[in-house]
Trainee: 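Take this structure first; my questions come after.
The basis for the numbers below is simple: all heavy atoms, side chains too, and nothing from hydrogens, waters or symmetry mates.
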Amino acid sequence: MKAKRSFLLYSCLWIQGLIFFYIAYKRNKDKKIMIIHFFTLTGLAYIFEYIVLVLLKAYRYYPKFFKRVYFDNILGASISQFFIVPAIATFITNFKLKIHWKLFFSGYLMIIEIIFKKLKIYKQFWWKTIYTGVFTIVFFLFSDYFYKSLYRIGDKPLLKGITVFLKSFTLYSTYMFYLVVLFNAYFFKVPWFKDGARGHIAFATLYSLFISVLYTAIFVLRKKWVMVASIGALFSLDKILVELNVLKLKYNKSIIRNNLQRGLLLSLLYMFDDHLYKEEVRDQEEGETVSQPSVVS
C-alpha cells in the first residue's frame with residue numbers, strides 16, 4: 001500500500017511538471033528559445049543534484065518505482081529536477097510572473113517537500129526545507145535573466161556552447177540512466193562509496209559530462225578533425241575502462257555496440273540542435289530584427 005501511494009504521489013508530481021511545461025510551451029511564440037531555455041535550466045539542476053544528492057548525500061527520494069534503492073532515489077531526483085522545478089521556472093518566466101508568484105511557487109515546493117517527508121517517501125539528512133525555498137527563488141530569478149539573454153545567442157558563441165553542453169548533458173545522462181535501470185546494459189564499478197549503485201551514478205555522471213564536452217566541441221566548431229578525434233577518444237576510453245574492469249558491459253563485443261548506439265543518439269541530437277540553433281544564428285548573421293522576448297523583468 002505504501003509503495004502504491006509513493007508511486008502515485010511521484011507520478012502526480014511528474015504530471016504537474018508536464019502540465020506546467022505544456023502550458024508554457026503552448027503560450028510561447030518563440031518555441032526554439034523556450035526549448036533551449038528549459039533544457040539549460042534542467043542541465044543546471046542536474047549538476048546541482050549531482051553535487052548535493054550524489055556526492056554530499058543531502059537527502060533521499062523513495063518513489064518506489066525500482067527495486068534497487070539507489071536507482072529509485074535517482075529516479076525521484078529526475079522527476080524533481082527534470083520536470084517539476086525547471087518546468088515551474090519556465091512557466092514563471094513565460095508568464096512574466098512577479099516576485100510574489102515566485103515566492104508562492106517556492107512555498108508550494110517547500111510544502112510538497114514537507115508532505116513527502118511526513119509520508120516517509122522523502123528523507124533529509126543535513127538538508128533543510130528552507131534551503132529549498134532559497135535556492136528555488138534564486139533559480140526562478142536566474143531563469144528570467146537567462147531567458148532574455150538567449151535573444152542574443154547568435155552574438156555570443158560562449159553562451160551557445162554552454163546551452164548546447166547543458167542540453168546534451170541532460171539528455172545523454174538521462175539516456176544512460178535508463179539503459180541501466182531498464183536493460184542493465186552496462187555498469188561502472190568504482191570503489192568510491194559503499195553502495196555500488198551510488199558509485200556507478202557518480203562515475204556515469206562524469207562520463208556523461210565528458211561526452212557532452214566532446215559533443216559540444218563537435219557541434220560548435222564543426223571541424224571534421226574534432227569529430228574524428230572525439231570518436232577515437234571515446235572508443236579508446238571505453239576500451240581502457242573495460243580493461244581496468246571499471247566498465248562492465250552486458251554483451252560480448254559491446255564496445256562496438258555501445259559506440260554505434262551512442263553515435264546514433266548523438267547524430268539525432270546533432271540534427272535536432274542544427275534545427276534548433278540555425279534560425280537564431282542566421283537571424284543574427286543577416287542582421288534581421290530579432291523579436292523582443294516575451295518576458296520582462
Side-chain angles (χ1 to χ4, degrees), residues 30-51 54-55 78 81-82 86 89-90 139 142-143 145-179 186 188 201-241 247 258-285:
D30 302 300
K31 295 188 180 347
K32 291 183 179 181
I33 291 290
M34 183 193 152
I35 291 172
I36 295 171
H37 173 254
F38 172 74
F39 278 111
T40 302
L41 293 182
T42 305
L44 290 171
Y46 265 36
I47 292 173
F48 177 83
E49 282 286 74
Y50 176 66
I51 296 170
V54 179
L55 300 183
S78 178
Q81 298 303 337
F82 188 81
T90 302
F139 193 68
F142 171 78
S143 173
Y145 169 79
F146 180 70
Y147 183 85
K148 288 182 285 186
S149 72
L150 289 176
Y151 279 85
R152 302 304 301 172
I153 196 170
D155 294 336
K156 299 178 180 179
L158 179 60
L159 178 61
K160 178 183 177 181
I162 291 171
T163 60
V164 171
F165 166 74
L166 288 171
K167 179 165 51 57
S168 61
F169 168 65
T170 298
L171 295 173
Y172 194 80
S173 58
T174 302
Y175 161 77
M176 288 192 68
F177 174 68
Y178 286 104
L179 270 185
Y186 73 99
F188 290 112
I201 292 295
F203 193 91
T205 303
L206 296 177
Y207 184 84
S208 296
L209 284 168
F210 178 67
I211 290 174
S212 299
V213 168
L214 295 182
Y215 170 78
T216 302
I218 292 171
F219 183 78
V220 174
L221 298 177
R222 296 176 181 267
K223 301 290 186 181
K224 287 184 178 180
W225 69 266
V226 175
M227 182 176 65
V228 173
S230 298
I231 292 172
L234 290 175
F235 186 86
S236 300
L237 177 61
D238 283 354
K239 187 73 174 175
I240 292 170
L241 292 176
L247 174 59
N258 184 45
N259 278 269
L260 288 174
Q261 289 175 340
R262 178 167 55 213
L264 176 61
L265 176 67
L266 295 180
S267 295
L268 292 173
L269 181 58
Y270 190 97
M271 289 188 287
F272 174 66
D273 282 342
D274 200 43
H275 171 72
L276 197 61
Y277 289 90
K278 184 181 293 183
E279 184 176 326
E280 301 303 323
V281 174
R282 187 177 65 246
D283 288 349
Q284 295 294 338
E285 290 175 346

Trainee: Can you confirm whether or not the ring centre of Phe188 sits under 6.0 Å from the ring centre of Tyr186?
Mentor: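 Here the rings of Tyr186 and Phe188 have centres that are less than 6.0 Å from each other.
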
Trainee: Identify the two heavy atoms, one from His275 and one from Lys32, that lie closest to each other, and give their separation to 0.1 Å.
Mentor: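 For His275 and Lys32, the tightest heavy-atom pair comes out as O-NZ, 3.0 Å.
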
Trainee: Find out whether Phe169 and Thr216 are in side-chain contact, i.e. whether some heavy atom of one side chain is under 4.5 Å from a heavy atom of the other.
Mentor: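 Result no, sub-4.5 Å side-chain heavy-atom pair not found.
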
Trainee: What's the spacing between Lys239 NZ and Asn259 CG if we round to 0.5 Å?
Mentor: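 One finds 11.0 Å between NZ of Lys239 and CG of Asn259.
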
Trainee: If we ignore hydrogens and angles and just use 3.5 Å, is the side chain of Ser236 paired with the main-chain N or O of Ala233 as donor and acceptor?
Mentor: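 Checking the backbone N and O of Ala233 against the side chain of Ser236, no donor-acceptor pair under 3.5 Å is found.
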
Trainee: Look up atom OG1 in Thr42 and atom CD1 in Ile47, then write down how far apart they are to the nearest 0.5 Å.
Mentor: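 Result: 11.5 Å between the selected atoms.
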
Trainee: Which heavy atom of Phe165 sits nearest to which heavy atom of Val213, and what is that distance?
Mentor: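 That closest heavy-atom pairing would be CE1-CG2, 3.7 Å.
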
Trainee: Sequence neighbours left out, what passes side chain to side chain contact (heavy atoms under 4.5 Å, CB included) with Leu265? Give chain and number order.
Mentor: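 Applying side chain to side chain contact (heavy atoms under 4.5 Å, CB included) to Leu265 gives Tyr172, Tyr175.
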
Trainee: Answer yes if the side chains of Asp273 and Tyr215 hold a donor-acceptor pair under 3.5 Å, and no otherwise.
Mentor: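 Their side chains do contain a donor-acceptor pair, which is all the 3.5 Å distance test asks for.
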
Trainee: Look up atom CG in Leu171 and atom CG in Leu268, then write down how far apart they are to the nearest 0.5 Å.
Mentor: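 Between atom CG of Leu171 and atom CG of Leu268 there are 11.5 Å.
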
Trainee: Measuring only between side-chain heavy atoms, which start at C-beta, is Ile51 closer than 4.5 Å to Tyr46?
Mentor: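 The answer is no, as the side chains (C-beta and beyond) never meet within the 4.5 Å cut-off.
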
Trainee: Please work out whether the ring planes of His37 and Phe146 are parallel, tilted or perpendicular, with thresholds of 30° and 60°.
Mentor: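 Taking Phe146 first and then His37, their aromatic rings lie parallel (interplane angle under 30°).
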
Trainee: Would you give the length of the straight line joining atom CG of Leu150 to atom CG of Asp30, rounded to the nearest 0.5 angstrom?
Mentor: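 Nearest 0.5 Å value for the CG-CG distance: 10.5 Å.
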
Trainee: Taking all non-hydrogen atoms of both residues into account, name the closest pair between Tyr50 and Ile201 and its distance.
Mentor: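 That would be CE1-O, 4.3 Å.
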
Trainee: Is there a side-chain contact between Tyr151 and Ile33 in this structure, where contact means two heavy atoms from C-beta onward sitting under 4.5 Å apart?
Mentor: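 Side-chain contact under 4.5 Å: yes.
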
Trainee: Does the side chain of Val54 reach to within under 4.5 Å of the side chain of Thr205, using non-hydrogen atoms?
Mentor: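 When only atoms from C-beta onward are counted, Thr205 and Val54 do not touch, as no gap falls below 4.5 Å.
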
Trainee: Is there a side-chain contact between Ser78 and Phe177 in this structure, where contact means two heavy atoms from C-beta onward sitting under 4.5 Å apart?
Mentor: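 In short, these two side chains do not touch, never coming nearer than 4.5 Å.
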
Trainee: Decide yes or no for Arg262 and Asp238: does some side-chain heavy atom of the first lie under 4.5 Å from some side-chain heavy atom of the second?
Mentor: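 A side-chain contact exists here, since the closest heavy-atom pair is under 4.5 Å.
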
Trainee: With sequence neighbours left out, what residues match Tyr270 under ring pair (Phe, Tyr, Trp, His ring centres under 6.0 Å)?
Mentor: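 Phe219.
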
Trainee: Rounded to the nearest 0.5 Å, what separation is found between the CG atom of Leu269 and the NZ atom of Lys167?
Mentor: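 NZ of Lys167 is found 5.0 Å from CG of Leu269.
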
Trainee: Verify side-chain contact (heavy atoms from CB on, under 4.5 Å) between Phe272 and Ile35, making sure each step is shown before the conclusion.
Mentor: CA-CA 11 Å; Phe272 174 66; Ile35 291 172; 4.1 Å; yes

Trainee: Roughly how far, to the nearest 0.5 Å, is OG of Ser230 from CG of Leu266?
Mentor: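 So the gap between those two atoms works out to 10.0 Å.
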
Trainee: For ring-ring contact (aromatic ring centres under 6.0 Å, His included), just list the numbers for Tyr147 and Tyr145, CA-CA rounded to whole Å, side-chain angles, deciding distance to a tenth of an Å, and then say yes or no.
Mentor: CA-CA 6 Å; Tyr147 183 85; Tyr145 169 79; over 10 Å; no

Trainee: Using a 4.5 Å cut-off on heavy atoms from C-beta on, say whether the side chain of Leu41 contacts that of Ser143.
Mentor: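 Yes, their side chains come closer than 4.5 Å.
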
Trainee: Please list all pairs meeting salt bridge (Lys or Arg N to Asp or Glu O under 4.0 Å) that have one or both residues in residues 218-233, counting only residues at least two apart or in different chains.
Mentor: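 Output for this query lists Arg222-Asp274.
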
Trainee: Under a 4.5 Å cut-off applied to non-hydrogen side-chain atoms, are Leu44 and Phe142 in contact?
Mentor: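 Sidechains of Phe142 and Leu44: in contact.
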
